[in-house]
Amino acid sequence: MKMVSVWLMALSLAIDAFAVSVACGVSTPGFRLRDSVKLGCWFGAFQFGMPLLGCWFGVWVSARSQAAAGLLSFGLLAWLGGRMLWDGLAGCGQPEAADLRPGRLAALAVATSLDALAAGVSLPCLGVPVLAAAAVIGGTAFVLSAAGGLAGRTLGGLCQRCAQLAGGCVLIGIGIKILVGALG
């Protein structure tokens, strides 16, 4: 029963990474299976590491960083989503495949895994091995992110410009959701 809680936590933490991966697949021309695996690795690694950090820093980090983490996540996602919207509305053409460069992926991975940092504080309370729980969380994020990228590739092929605008709105929406959750 304890592992069921871990799986449910993993699914809920990976939803943001899935949505961002769909947006990346939508907005990146020539998106390939390799890109999907890259997304999965970045998001999975951060979703694995953040709960461990949260557990390690414990209540001290959670109490002091929840609002700051929400603001940081909102800022990163709003900036990236705003850029996608600007490019789509300005008709600047297709975003470059370089949009999956490490700096952008790191920013997205941090923004979508800060909630896992706070969730890591509760892992010892579940009575499960923390490393195993973090592995489940990271593995779930990997699978959902890779699948999201492939789903986005399919959607992006149908209507690239509309998909780019939708992807930007999704990123901004996720940022607002994280901000509201952190502040209220």
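Since the model is a prediction, treat every value here as computed from it, not as a measurement.
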**Q.** Considering all heavy atoms, the nearest Ser36-Leu150 contact
**A.** OG-CG, 3.5 Å

**Q.** Non-hydrogen atoms of Gln47 and Ser113 that approach each other most closely
**A.** NE2-CA, 3.8 Å

Side chains of [X] and [Y], heavy atoms from C-beta outward: is any pair under 4.5 Å?
X	Y	value
Phe31	Leu39	yes
Phe43	Thr112	yes
Leu8	Val4	yes
Met3	Val128	yes

Q. Considering residues at least two apart in sequence or located in another chain, which fulfil the side-chain contact (heavy atoms from CB on, under 4.5 Å) criterion with Ala135?
A.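 Phe48.
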
Just distance, no hydrogens or angles: give the donor-acceptor pairs under 3.5 Å from side chains in residues 142-149, sequence neighbours left out.
unit_1: Ser145; atom_1: OG; unit_2: Ala141; atom_2: O; d: 2.7

Q: Please round to the nearest 0.5 Å and tell me the distance separating atom OG1 of Thr140 and atom CH2 of Trp7.
A: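 Reported value, rounded in 0.5 Å steps: 4.5 Å.
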
Q.
Please report the interatomic distance OG(Ser21) to CG(Leu105), rounded to the nearest 0.5 Å.
A.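 Separation between the atoms: 9.0 Å.
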
**Q.** Same apolar cluster (I L V M F W Y, side chains within < 4.5 Å links), Trp42/Val37
**A.** no

Q. Are Val6 and Ile15 connected, step by step, through hydrophobic side chains (Ile, Leu, Val, Met, Phe, Trp, Tyr) whose heavy atoms are closer than 4.5 Å?
A. no

Q) Could you walk me through whether Leu13 and Met9 pass the side chain to side chain contact (heavy atoms under 4.5 Å, CB included) check? A) CA-CA 6 Å; Leu13 292 173; Met9 179 186 293; 3.7 Å; yes

Which pairs count as salt bridge (Lys or Arg N to Asp or Glu O under 4.0 Å) when at least one residue sits in [range], sequence neighbours excluded?
range	result
residues 11-32	Asp16-Lys177, Arg32-Asp35
residues 131-152	none
residues 131-145	none

Q | side chain to side chain contact (heavy atoms under 4.5 Å, CB included) between Val22 and Val26, intermediate numbers included | A | CA-CA 6 Å; Val22 170; Val26 160; 4.2 Å; yes

